[in-house]
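These notes are about the structure you will find just below.
Quick note: numbers below take in every heavy atom, side chains included, and nothing from hydrogens, waters or symmetry partners. Computed from a prediction, not measured in an experiment: that's the story for all the values here.
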Amino acid sequence: MQKPFIQIHPEDNILVAIEHLGKGMSIEHQSISLTLNDDIAAKHKFSLVDISEGSPVIMYGGLVGKAVKDISQGDPITVKNIVHASAEYSIGHQETMWDSPVVDRWADATFRGYHRNDGKVGTANYWLVIPLVFCENRNIDLLKRILNKALGYAPIEDSSNISIAPLIEAYQQGSTIEELLQIPLQSKRKEHSIDRVFPNVDGIKFLNHDGGCGGIRQDAEVLCRLLAGYLAHPNVGGATVLSLGCQNAQISLLETALKDIAPDFDKPLFVLEQQQSDSERDFMEQAARQTFQGLIQVNKVKREPAPLHHLTLGLECGGSDGFSGISANPVLGHTTDLLVALGGTAILSEFPELNGVEQALVNRCQQQQDAEKFVDLMRRYSARAEAVGSGFDSNPSPGNIKDGLITDAMKSAGAAKKGGTSPVVAVLDYADQVRKNGLNLLCTPGNDVESTTGLVGSGANLVCFTTGLGTPTGNPIAPVIKISSNNRLARKMADIIDFNTGGIVTGEETIENKGMALLDYIIQVASGEHTTAAQRLQQDDFIPWKRGISL
């Protein structure tokens with residue numbers, strides 16, 4: 001029978017409650033006996049031994065905090081008795097020997113993807129409509145209304161089937177507030193589906209954003225590199241770009257970035273500048289006509305088998321809880337190792353959530369220059385955060401803390417598990433492109449959407465997103481698989497969860513078996529055989545990272 005608590009690493013001086021543990025409960029662990037001094041909620045931690053003020057708090061075998069007062073054996077670990085602390089790190093000897101997992105089961109496996117002329121393979125086939133500046137967002141929205149429904153891409157009905165028409169009718173008939181509260185908000189009318197005009201095009205995606213002007217010039221340059229990454233992305237067949245004309249993010253910047261990222265770019269691409277048009281109507285007519293013309297070309301591409309080494313998996317987490325580092329993240333880490341062993345690629349991001357595990361990642365870098373780059377990016381990022389009165393220690397959200405992630409180092413130790421155990425083949429700054437197969441590190445914020453946006457911009461053609469609290473975010477062009485850390489979340493928010501690892505917590509499943517099952521599921525999603533919850537909900541979140549001040 002599984003114990004109601006777990007020690008993650010033999011050197012840990014705190015334990016994790018798997019279920020609610022009551023005050024006064026006797027705990028037996030190895031040769032240690034203790035009594036709980038207070039209630040311990042599931043996902044939270046308690047002290048295995050006495051920890052004196054100023055002493056380290058150890059979890060995952062590493063430093064995750066420091067005691068700010070004496071902590072007695074059996075006390076809960078809270079924000080009142082520990083603060084963030086993380087281990088120092090430096091460039092040392094690279095330890096890149098790797099005991100890779102056995103992958104014979106997938107030796108001849110393929111997924112059905114969209115083959116591009118540059119040799120990349122997409123897991124989807126989208127047309128993009130992008131503004132170079134926020135001033136064009138209204139026109140982007142107008143194009144969306146013009147194109148989507150007519151071409152069969154409009155949502156047939158809201159997935160929740162909620163309608164306030166019954167409320168309006170009852171209100172106009174004189175119903176009271178109390179009566180209105182009892183009326184079901186069920187839509188009485190269902191629209192019939194519209195056949196897609198272009199069946200091989202998965203959709204038209206409209207990437208509204210608030211950048212392109214007003215900030216520092218470097219932000220405009222980075223935005224253009226990010227947008228160029230989306231244009232060159234294997235999940236994109238072609239694009240329409242709308243420019244105002246006078247903004248910082250000039251067409252020439254986008255062209256330069258695209259030439260650098262994809263020198264042989266040959267997809268249909270239409271770039272229109274509003275200040276050069278005769279009228280807004282003329283501008284929008286040109287955009288609609290040219291987009292339609294491009295869709296005819298993109299529709300000629302069909303799914304065909306591709307080896308698994310063409311998969312580039314973005315590794316993301318959000319709404320993490322005290323179980324994320326025990327179940328969902330290690331499962332994804334095992335899947336990452338399997339994919340890398342098959343010649344595929346994975347990208348680990350969210351640098352603020354690698355605080356405390358830097359040394360292990362430095363040691364895994366194959367090249368000295370990548371170790372140096374990682375250290376430099378981490379230290380500069382930390383310094384920028386401290387310069388504005390914050391720091392990596394501020395990363396855990398109120399939801400993280402409420403569900404057991406007390407410090408950033410504690411959160412990071414669990415988050416890094418997504419990256420598995422393989423060597424680091426490259427370290428990338430934001431908007432850099434993946435060039436090497438294997439595990440890449442990408443500098444992004446911990447913010448879920450900014451990080452996911454960056455992962456896809458760097459080349460991830462599919463994203464795995466672990467969560468313990470439930471996060472509905474997605475991406476416009478890359479399928480995002482939501483992975484639950486616990487059974488309760490998988491039941492409660494089944495409409496946004498695709499894959500559940502809660503059986504790891506309850507002891508019913510193993511990390512290895514669940515990791516293999518996740519790889520099988522990834523192949524099905526990459527082949528278009530499964531649609532993720534974020535795709536069904538059209539959760540097309542897109543937020544470029546602004547790294548400078550606004551001028």
May I have the list of side-chain donor-acceptor pairs in residues 236-246 shorter than 3.5 Å, sequence neighbours left out?
residue : atom : partner : partner atom : Å
T240    : OG1  : W127    : NE1          : 3.1
T240    : OG1  : T291    : OG1          : 2.6
S243    : OG   : G245    : N            : 3.3
S243    : OG   : Q247    : NE2          : 2.8

Whether the side chain of [X] engages the backbone of [Y] through a donor-acceptor N/O pair (distance < 3.5 Å, no angle test) should be reported.
X	Y	value
S485	S327	no
T336	G419	no
S324	D321	yes
N200	N299	yes
S422	V340	no
N461	H310	yes
K120	P234	no

Do the side chains of [Y] and [X] get nearer than 4.5 Å, heavy atoms only?
X	Y	answer
L442	V434	no
N235	P479	yes
T335	C464	no
L518	T501	no
E280	M284	yes
L489	T467	yes
D219	I216	yes
V331	I483	no

Do [X] and [Y] have a side chain donor and acceptor closer than 3.5 Å?
X	Y	answer
T421	D337	yes
D432	S458	no
D520	Q524	no
D141	N208	yes
D498	T532	no
E350	S451	no
N355	N395	no
D541	T473	yes

Got a sec: does the [atom1] of [X] have more than 12 other heavy atoms crowding it under 6.0 Å?
X	atom1	answer
R196	CZ	yes
K144	NZ	no
D266	CG	yes
K417	NZ	no

To the nearest 0.5 Å, tell me how far [X] [atom1] sits from [Y] [atom2].
X	Y	atom1	atom2	answer
L253	L132	CG	CG	9.0 Å
C224	D260	SG	CG	12.5 Å
Y126	L207	OH	CG	11.5 Å
I523	L519	CD1	CG	4.5 Å
D210	N137	CG	CG	8.0 Å
E304	H115	CD	NE2	5.5 Å

Residues F465, L455; criterion side-chain contact (heavy atoms from CB on, under 4.5 Å); working and verdict: CA-CA 11 Å; F465 188 117; L455 282 167; over 6 Å; no
Identify the residue among L315, L428, D370 that makes a side-chain contact (heavy atoms from CB on, under 4.5 Å) with N440. L428
Give me the atom names and distance for the closest heavy-atom approach of [X] to [Y].
X	Y	answer
Q433	G229	NE2-CA, 3.7 Å
N500	N486	OD1-O, 3.4 Å
P305	T110	CB-OG1, 4.1 Å
A416	L348	O-CD2, 4.4 Å
I497	S484	CG2-CB, 3.8 Å
E273	I251	OE1-CD1, 3.4 Å

Qualifying ring-ring contact (aromatic ring centres under 6.0 Å, His included) pairs, either residue in residues 197-236, two or more places apart: F198-F292, Y230-F542
Is there a salt bridge (Lys or Arg N to Asp or Glu O under 4.0 Å) between K259 and E255 once you walk through the steps? CA-CA 6 Å; K259 185 176 182 180; E255 291 173 340; over 6 Å; no
Is any side-chain N of the basic residue among R225 and D429 closer than 4.0 Å to the acidic one's carboxylate O? no
Looking at W545, Y430, F374, F351, which hits ring-ring contact (aromatic ring centres under 6.0 Å, His included) with Y381? W545
Tell me, please, which residues at least two apart from F111 pass ring-ring contact (aromatic ring centres under 6.0 Å, His included). none
Against N125, only a single residue in K302, R303, R116 fulfils side-chain hydrogen bond (donor to acceptor under 3.5 Å, both in side chains); can you say which? R116
Could you go step by step and tell me if F283 and L272 meet the side-chain contact (heavy atoms from CB on, under 4.5 Å) rule? CA-CA 8 Å; F283 182 61; L272 297 92; 3.5 Å; yes
Just do the side-chain contact (heavy atoms from CB on, under 4.5 Å) check on K514 and F499 with the steps written out, would you? CA-CA 10 Å; K514 206 64 181 175; F499 192 90; 3.7 Å; yes
Is there a side-chain contact (heavy atoms from CB on, under 4.5 Å) between I481 and I522 once you walk through the steps? CA-CA 8 Å; I481 297 173; I522 286 170; 3.8 Å; yes
Would K418 and E353 count as a salt bridge (Lys or Arg N to Asp or Glu O under 4.0 Å) here? Give the steps. CA-CA 11 Å; K418 302 190 303 292; E353 295 177 15; 5.4 Å; no
